[in-house]
Amino acid sequence: MKTLRSRLTLPTRHSLMCMAVASAFPFNAALAQDAVPAPQDAPAEKAQGQGGQRLDVVIVTAQRRAENIKDVPMSITTVSGDKLDTLTAGGQDIRFLSGRSPSLNIESDYGRSFPRFYIRGQGNTDFDLNASQPVGLVVDDIVQESPMLKGFPVFDVEQVEVLRGPQGTLFGRNSPAGVIKFDSVRPVFRTEGYLSAGFGKDGVKNAEGAFNLPLGQTVAARLSLQSQNRDDRVHNPRPTGTRDFEGYHDNAGRLQVLFKPSKEFSALFNFHARDLDNNATLFRANIIKQGTNELVDGFDYGSYPTDGVNKQTLRTKGGSARLRWDLPSVTLHSITGYETADFYSRADVDGGYGAVYAQPMGPGYIPFVVETADLLPAHRQFTQEFRAESNASGPLQWIGGLFYFNEDIRIDSISFDSLAPGNPQNPFYATQDQSTKSWAAFGSVNYTVSDKLKVRAGLRYTNDKKDFSARRVEATTAGPFIINNESNNVSWDLSGTYALDQDTNLFARIATGYRAPSMQGRLNGLADRPSFADAEEVLSWEAGFKKELFDRRARVSASVFQYRVKDKQLTAGSGVINMNQLINADKVTGQGVELDFQAVLSDSLRMTFGGSYNDTEIKDGSLFVQQCGNFANTGGRAGCTVTNPVGPFPGTVRIDGNPLPRAPRWQANLTLRYSVPLGNGDFYADTDWAYRSTYDMFLYEAREYKAKSLLEGGARTGYKWGDGKYELAAYVRNITDEVQVQAAIDFDNLTGIVTEPRTYGVQFRMNF
């Protein structure tokens, strides 16, 4: 079967690409009827006359320069404007982006904190607080390394860019799977701003605003604030433990000050903070029908019987200084960033109550009592980047820079005794300390060979050093167990763009990526030792085209890709206790096709469509992991139905040939926006839909732990008047009210995490 599949690989990718591109063309007939060439002096945003509206030109900074997205030789998706407003309606956290770009998935086992990102199937299911991720997050040019920094609320944002494939020769940290890049709205030298307020189901109360003020001829400031709140909507019918759940108070702010004393120099200072008070994710025991991935009969979303405490708080703050000098032939940049986080999360991880074998929901077991808290009492991150880039005209353009990263983390993991009066802390806990220092030198060269051909080459050298220590404290202390590691890597990329005509560009890119070694030390007993995973290295290639159609009334981008990861870092559960173990797979491969399409269907109707196919495979015949339900106290009953071959030891299974976890093969997204003048304003109606196919929740395959396919949609309709100054809208998220198991815990019996139910509300916005 492997031989047959390898022989079909290239034709299959080619066919999939053709099918994906062809799916866009049913719209062409309708577009062609309305398409009228625009006059030469028409504005860039719109052309007047019959069928005159055009798509906006999309400018991205994926290569550290402002460029038309059509000219950038890599797969990029952007989210901004009305689409961003619709997706964030109702106070969604950063997970609203999941599935809104081809090959992008985002999930969390912690709720509104600790999002985990996956691009083209590559991610990390690790739930430890020092988990390393192959997808980078860059906010206002600052790398957000810690998972606790990656969930900062999205508000007053100019644009989101999703860059697929290895990055590193232009961005601070080397990200082997890709980068998600957020750019906030910057201060300008005029008075402007907006205020927005919303109310919705379950006591949702959201407020957001920004105020931009010039402070003279050389200084401008912009203050952006957001407050998202919801009442508790899940309740504990028992008299013990936390009684109410899933409410939150999430407040964040950003102050930017721009100093521009001359045309040649500017300094942008950014201060930001977040204060989150909410519940940890609810782990619900025995909610999955054994042998299936269905919820048990009678499942009640609003009921959560428990004897444990559930509490989560997150405080983050940081600042940055971005300095720029525009000299006659070169532009210099200095980017300095500092971030801190303070995190506390406590949850009844066993998802139930009472003695062993209690049955809070379905007809199953709770093998043992597990109530834990994870703390990040000390964290700090410092980054510094110096970059120089050419700005003179000519066929040769270049960028070069140095990057420094320094992070210190302290993690405490504490257990509690749910069965004892007062639920006291157990006399044992684990601690981890990690110090990371990294520096890199990077550069790239762009060369215009001819009017049609442009090529680019990039190179990066990285040095990473980690000092790690873990210990276990009980009646006696085990440890500290120390791991000191230093690694080096040289990565590169080569890409090119060829213009077939004024509206069509072909592109190709080959790139390498790297992720430094990782350590974990959530020790469960005095005999436990930390786990370690070697560095992983990625080789990736992609090719495709970007085309504008019908006088820029439609735009399509399609690509095929393939990658190979050597020594892929994976996270395995224990199957028995609340622990992670880091492992390396000899090789992981991925291949697929991606499509982005936007169109002005008429003067009143616009659409976007995106889709992707990802085929990932773990290739390591000697690799095995522990399976779920491997308990000595379950009376011989299995916790789940594993379909992989048995491993060399009892309770283990082989995972060779499995796909990567939480990596759906198929994803698609669709948006439609209808707007029409009405009275003294404009009426609009938006709808957005995202589909993903099934995926495995863990490295092994089990019937209970294969997520069902999911189609989720939202809508927003409203009215703008006063030349766009005022706006009143109503929204609904998860229109179909689809609630299903999306994640699980493999050391407890059929314990799952479910999707959120339908929500709806109204919003009012005023611009000034």
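- We find that K83 and D56 are not joined by a salt bridge, their nearest charged nitrogen and carboxylate oxygen being 4.0 Å or further apart.
- Annotation: the span from L213 atom CG to E192 atom CD amounts to 11.0 Å, rounded to 0.5 Å.
- The two residues L494 and W492 come nearest to each other via the heavy atoms N-CE3, 4.2 Å.
- Heavy atoms of other residues, nucleotides or ligands lying less than 6.0 angstrom from NZ of K465 number 12 at most.
- Side-chain polar atoms of S146 and E339 form no donor-acceptor pair below 3.5 angstrom.
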- Task: Could you check R164 against S101 for side-chain hydrogen bond (donor to acceptor under 3.5 Å, both in side chains), going step by step and ending with a plain yes or no?
- Result: CA-CA 10 Å; R164 300 186 288 275; S101 166; 3.1 Å; yes
- Task: Could you please spell out the steps behind the side chain to side chain contact (heavy atoms under 4.5 Å, CB included) verdict for Q144 and F152?
- Result: CA-CA 10 Å; Q144 308 294 301; F152 195 85; over 6 Å; no
- Task: Under the side chain to side chain contact (heavy atoms under 4.5 Å, CB included) rule, what do Q256 and L268 come out as? Steps first, then yes or no, please.
- Result: CA-CA 7 Å; Q256 298 179 86; L268 180 59; 4.1 Å; yes
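- Residues F259 and L215 have side chains not in contact (no heavy-atom distance under 4.5 Å, counting atoms from C-beta outward).
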- Task: Would you sort out whether Y110 and L314 count as a side chain to side chain contact (heavy atoms under 4.5 Å, CB included), showing the intermediate values?
- Result: CA-CA 11 Å; Y110 281 83; L314 174 62; over 6 Å; no
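- Within the 4.5 Å cutoff, the side chain of F155 has no heavy atoms near those of the T88 side chain.
- Salt bridge K263/D326: absent, no basic N to carboxylate O contact under 4.0 Å.
- Remark: the Q312 side chain and the Y248 side chain contain no N/O donor-acceptor pair separated by less than 3.5 Å.
- Shown here for Q122 and V135, the closest heavy-atom pair between the two residues is O-CG2, 3.8 Å.
- By the 4.5 Å heavy-atom criterion applied to side chains, K437 and Y404 are counted as neighbours.
- No side-chain N or O of R673 forms a donor-acceptor pair with one of T671 less than 3.5 Å apart.
- Between the side chains of S438 and D464, at least one donor N or O lies within less than 3.5 Å of an accepting N or O.
- Between E145 and R173 there is a salt bridge, since a side-chain N of the basic residue sits under 4.0 Å from a carboxylate O of the acidic one.
- Using modelled atom types, one finds a donor on one side chain and an acceptor on the other under 3.5 Å when comparing H379 with E407.
- To the nearest 0.5 Å, the span separating CD1 on I180 from CG on L137 amounts to 6.0 Å.
- When the shell of 6.0 Å around NZ of K150 is examined, it contains more than 12 heavy atoms from other residues, nucleotides or ligands.
- The OG atom of S108 sits 7.5 Å away from atom CG of D93, with the distance rounded to the nearest 0.5 Å.
- To the nearest 0.5 Å, atoms CG (D128) and CD1 (I411) are separated by 6.5 Å.
- Counting only N and O atoms by type, the side chains of S266 and R322 include no donor and acceptor under 3.5 Å apart.
- A pairwise comparison of heavy atoms in T191 and P214 identifies OG1-CD, 3.5 Å as the closest pair.
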- Task: Output, in order, the C-alpha distance, side-chain angles, deciding distance and verdict of ring pair (Phe, Tyr, Trp, His ring centres under 6.0 Å) for W325 and F265.
- Result: CA-CA 5 Å; W325 294 266; F265 175 76; 5.3 Å; yes
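- Salt-bridge annotation for D156 and R222: present, with a side-chain N of the basic residue lying under 4.0 Å from a carboxylate O of the acidic one.
- Using a 4.5 Å cut-off on side-chain heavy atoms (C-beta onward), F117 and I94 make contact.
- A side-chain N or O of K181 and one of T61 form a donor-acceptor pair less than 3.5 Å apart.
- Judged purely by distance below 3.5 Å, without hydrogens or angles, the side chains of H272 and N270 pair a donor atom with an acceptor atom.
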- Task: Would you please test S487 and Y514 for side chain to side chain contact (heavy atoms under 4.5 Å, CB included) and show each step?
- Result: CA-CA 11 Å; S487 61; Y514 153 83; 2.6 Å; yes
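- Smallest separation of non-hydrogen atoms from Q381 and V143: NE2-O, 2.7 Å.
- The one candidate from N406, D467, D408 that meets the side chain to side chain donor-acceptor pair (under 3.5 Å) condition with S435 is D408.
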- Item | Steps toward side-chain hydrogen bond (donor to acceptor under 3.5 Å, both in side chains) verdict (D688, T86) | CA-CA 8 Å; D688 62 278; T86 297; 5.8 Å; no
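- Residue K260 places its NZ atom among more than 12 non-hydrogen atoms of other residues, nucleotides or ligands, all under 6.0 Å distant.
- Partners of E67 by side-chain contact (heavy atoms from CB on, under 4.5 Å), not counting sequence neighbours, listed by chain and number: Q63, R65, V72.
- Side-chain contact check for I335 versus R387: some heavy-atom pair is nearer than 4.5 Å.
- Judged as a side-chain hydrogen bond (donor to acceptor under 3.5 Å, both in side chains), and not counting sequence neighbours, the contacts of Y461 are N488.
- A donor-acceptor pair shorter than 3.5 Å cannot be found between the side chains of E161 and T78.
- Between the side chains of D342 and T340, not a single donor N or O lies within less than 3.5 Å of an accepting N or O.
- Counting heavy atoms from C-beta outward, Q133 and R116 have side chains that approach closer than 4.5 Å.
- At a threshold of 4.5 Å between non-hydrogen side-chain atoms, the residues N124 and P134 count as touching.
- Between the side chains of S675 and R606, no donor N or O sits under 3.5 Å from an acceptor N or O.
- In this structure, D493 pairs ionically with R456, as a charged nitrogen and a carboxylate oxygen lie closer than 4.0 Å.
- When every heavy atom of F507 is checked against every heavy atom of S75, the shortest pair comes out as CZ-OG, 4.1 Å.
- For the side-chain hydrogen bond (donor to acceptor under 3.5 Å, both in side chains) test, no residue two or more places apart in sequence or in another chain qualifies with S540.
- Side-chain contact check for N505 and T497: no donor-acceptor pair (N or O, by modelled atom type) lies under 3.5 Å.
- Counting heavy atoms from C-beta outward, Y194 and V185 have side chains that stay 4.5 Å or more apart.
- Side-chain contact check for Q397 and S390: at least one donor-acceptor pair (N or O, by modelled atom type) lies under 3.5 Å.
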- Message: Using the rule given for side-chain hydrogen bond (donor to acceptor under 3.5 Å, both in side chains), can you reason through R254 versus S184, listing the C-alpha separation, both sets of side-chain angles and the distance that settles it, and then say yes or no?
- Response: CA-CA 9 Å; R254 181 190 307 113; S184 302; 3.2 Å; yes
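- Note that OH of Y719 and CG of D682 are 7.5 Å apart. Values are rounded to the nearest 0.5 Å.
- Of all heavy-atom pairs between P187 and A220, the closest is CB-O, 3.9 Å.
- Results of the side chain to side chain donor-acceptor pair (under 3.5 Å) test with E208 over Q226, R765, Q228, Q763 single out Q226 as the only residue that passes.
- There is no side-chain donor-acceptor pair under 3.5 Å between Q434 and Q432.
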